[in-house]
Amino acid sequence: MTLIAPPNTHAALVLILTGLALVLFSRKRIALETSSLFVLVVLVMGFALFPYDGGARALNPLDFFHGFGHEALVAVSALMIAGQGLVRTGALEPVGRALARMWMSSPRLSLLVTLLAGAILSAFVNNTPIVVLLLPILISVSLRTKTPASSVLMPMGFATLIGGMSTTIGTSTNLLVVSVAADIGLRRFAMFDFFVPAAVAGGIGILYLWLLAPWLLPKHAARLADTSPRLFSAELHIPEDSYADGKTLSEVIEKTGGAMKVSRIQRSGQISAMPLPDIQLRPGDRLSVRDTPEQLKEFEQVLEANLYADEAPVDDEHPLTAEDQQLAEIVIQQGTPMEGSTLRYAHFTDRYQLVTLALHRAGRTPETLRKSLDDVVLRAGDVLLVQGPREQISHIKRSGELLILDATADLPHTKKAPMALAIMVTVVLLPALGILPIAISAVGGVLLMIATGCLNWRDATLALSAPVILIVVASLALGMALVETGGAHYLAQLFVAVTFGASAPLVLSGLMLLMALLTNIVSNNAAAVIGTPIAIAIADQLGASPEPFVLAVLFGANMSYATPMAYKTNLLVMNAGDYNFNDFVRIGLPLTVIMWLAFSFILPRIYGL
């Protein structure tokens with residue numbers, strides 16, 4: 001074994017920064033975009049103050065900004081926007097309706113079909129819209145059949161991740177690996193160049209998700225359904241000589257601890273009075289209020305009033321009813337305006353005419369409306385329990401603006417759906433046939449989506465994710481610094497030295513396992529971009545073809561199964577299915593091992609290692 005020369009100063013510092021970046025990317029308390037910007041600024045400032053010219057050319061610090069115009073980022077951003085067009089127009093509605101009908105007749109077979117459909121669609125469309133499409137369907141089926149949604153939601157989410165690794169446009173990770181490898185000098189992978197190994201290994205993974213995963217998952221009941229403090233409208237009739245008689249409205253509200261909210265005051269023989277704080281209450285006044293049954297009964301007792309609903313006193317024979325009201329769950333998605341905001345700041349109640357009853361955050365007891373939910377900063381994956389008119393909830397669901405989970409199978413649909421689907425098919429076909437690069441066809445597709453009215457600019461802007469953009473740019477900058485300073489070559493030498501004596505297939509398998517571990521701790525895009533130049537350098541050290549080693553990085557970085565924070569769709573299904581961290585380990589870790597062993601067997605045989 002030859003002695004490995006230590007890296008130069010710049011390479012050593014870049015390696016230290018890379019290690020620091022991986023730590024920062026895994027910190028929940030630090031926003032991913034903040035960590036990415038920090039890495040980018042350190043690189044630019046560092047190379048500006050301490051120039052590096054030890055390579056074939058001097059490294060210009062401004063080169064680190066090229067990621068903002070990199071074709072991979074352009075393609076990723078354009079595909080995110082185009083995928084939003086499918087969601088907004090309901091272009092995938094026929095698939096959803098067909099699956100919903102099938103689930104009612106044959107659940108076991110339907111699970112397999114759902115897994116396959118999710119995987120196939122995710123090979124061409126970002127998997128987030130696919131999960132958004134399938135979540136309400138599976139929740140609806142579970143409610144109607146009285147079976148736990150937890151047995152199917154996680155397998156469905158993992159199936160979309162498996163399908164996404166089969167084409168160059170399936171995930172942003174794939175696009176980045178392919179583009180970075182091409183930048184270094186490798187032949188550019190065509191859309192279906194690695195479809196065969198992905199399909200074989202993916203088929204094994206799908207069988208595991210179909211036959212074993214549902215039985216290994218705990219049967220969780222929906223927490224929000226158990227803690228739903230449903231609101232009811234009623235009237236408090238003020239009798240003579242009661243506490244409220246002669247008091248001002250502000251005094252009466254203060255008596256309830258500030259909990260009672262009066263929408264109007266009905267006074268006999270007069271039009272409804274405005275609920276002004278200084279209005280004096282009289283016998284016969286009726287206060288229109290809305291709250292939980294327990295709170296309404298408490299108001300009745302404290303104010304010595306009489307509680308009525310529909311002109312009948314509330315008792316065992318005349319209970320409170322809310323015929324037009326419906327409960328629903330809204331999932332906060334990553335990249336939407338609700339993420340990082342509060343209900344009060346977003347004017348949620350006024351904008352959507354819905355009342356928020358409870359908030360569920362994975363790993364925490366649900367908080368109810370008595371806990372000032374309006375001021376809680378919302379995170380991606382949070383689930384809001386809301387109540388409102390049935391028609392209003394259906395309208396919001398059809399608009400596609402919010403991800404609503406409820407007992408109906410309604411899906412958004414517009415007349416633009418066929419147009420959006422045709423545009424997306426064209427975006428995929430042009431690069432598949434070698435006519436245009438994906439970056440060009442995707443940007444053209446975005447223009448067509450907007451020009452035909454399938455999307456407006458507000459929707460297009462909302463589809464873009466600042467964390468994704470900045471992590472891609474920072475990762476590309478780190479990858480460039482590793483290559484140009486010789487850091488990637490040094491890591492490759494180190495990896496080969498550690499695996500000294502091992503065959504090329506074993507080295508490839510070890511590299512893939514390392515990427516699989518990294519992607520479940522840090523961003524999969526960061527792991528992929530940093531790992532790609534190292535993989536090429538390892539292949540060069542071994543005198544082997546670099547393509548299977550690049551694919552080892554690509555497949556390994558896509559194995560985001562073992563932790564909920566590994567991928568954003570994991571967070572969506574985590575809260576919808578009420579999973580905990582251990583559930584992901586229980587199901588995702590065996591799936592990671594299965595996929596890793598399958599690729600470790602398949603890749604060396606296809607590429608003759």
Side-chain angles (χ1 to χ4, degrees), residues 84-85 87-90 93 128-129 131-133 135-137 139-140 143 222-225 227-233 261-264 288-292 322-361 366-414 455-463 571-572 575-576:
Q84 190 75 352
V87 175
R88 284 286 184 262
T89 61
E93 179 188 16
T128 301
V131 172
V132 168
L133 168 78
L135 267 179
I137 296 171
I139 293 287
S140 172
L143 291 171
R223 286 192 183 183
L224 286 179
T227 58
S228 53
R230 195 164 187 172
L231 300 186
F232 295 87
S233 297
K261 294 178 174 58
V262 179
S263 59
R264 64 176 180 171
S288 296
V289 292
R290 197 175 190 218
D291 216 308
T292 63
E323 297 178 359
D324 183 49
Q325 298 292 300
Q326 181 179 2
L327 291 178
E329 294 178 6
I330 295 178
V331 180
I332 305 301
Q333 301 178 68
Q334 189 174 34
T336 61
M338 295 292 292
E339 184 191 7
S341 181
T342 65
L343 294 173
R344 189 188 307 278
Y345 184 79
H347 303 290
F348 182 83
T349 302
D350 295 335
R351 181 176 180 182
Y352 296 107
Q353 300 301 304
L354 300 174
V355 177
T356 305
L357 305 178
L359 164 70
H360 175 51
R361 180 169 291 166
E367 300 178 68
T368 64
L369 77 170
R370 307 254 62 92
K371 296 185 179 179
S372 301
L373 292 182
D374 285 347
D375 298 316
V376 176
V377 177
L378 300 174
R379 302 177 187 171
D382 285 351
V383 181
L384 299 173
L385 180 70
V386 299
Q387 177 183 321
R390 189 176 303 274
E391 181 56 36
Q392 176 67 4
I393 291 176
S394 297
H395 170 72
I396 294 173
K397 174 178 277 192
R398 287 193 298 269
S399 73
E401 190 169 352
L402 298 174
L403 174 54
I404 294 184
L405 312 177
D406 61 12
T408 68
D410 298 335
L411 296 171
H413 180 69
T414 70
L455 273 179
N456 56 42
W457 277 111
R458 179 176 177 274
D459 293 332
T461 304
L462 292 177
L571 291 173
L572 289 178
N575 283 291

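We number each residue from 1, following the sequence as shown.
With sequence neighbours excluded, the residues forming a side-chain contact (heavy atoms from CB on, under 4.5 Å) with Val377 are Thr342, listed by chain and number. Residues passing the side chain to side chain donor-acceptor pair (under 3.5 Å) test with Ser341: none are found, sequence neighbours excluded.
No donor-acceptor pair under 3.5 Å is formed between the side chain of Ser288 and the backbone N or O of Ser263.
Looking only at side-chain heavy atoms (C-beta outward), Phe348 and Leu378 stay at 4.5 Å or farther from each other.
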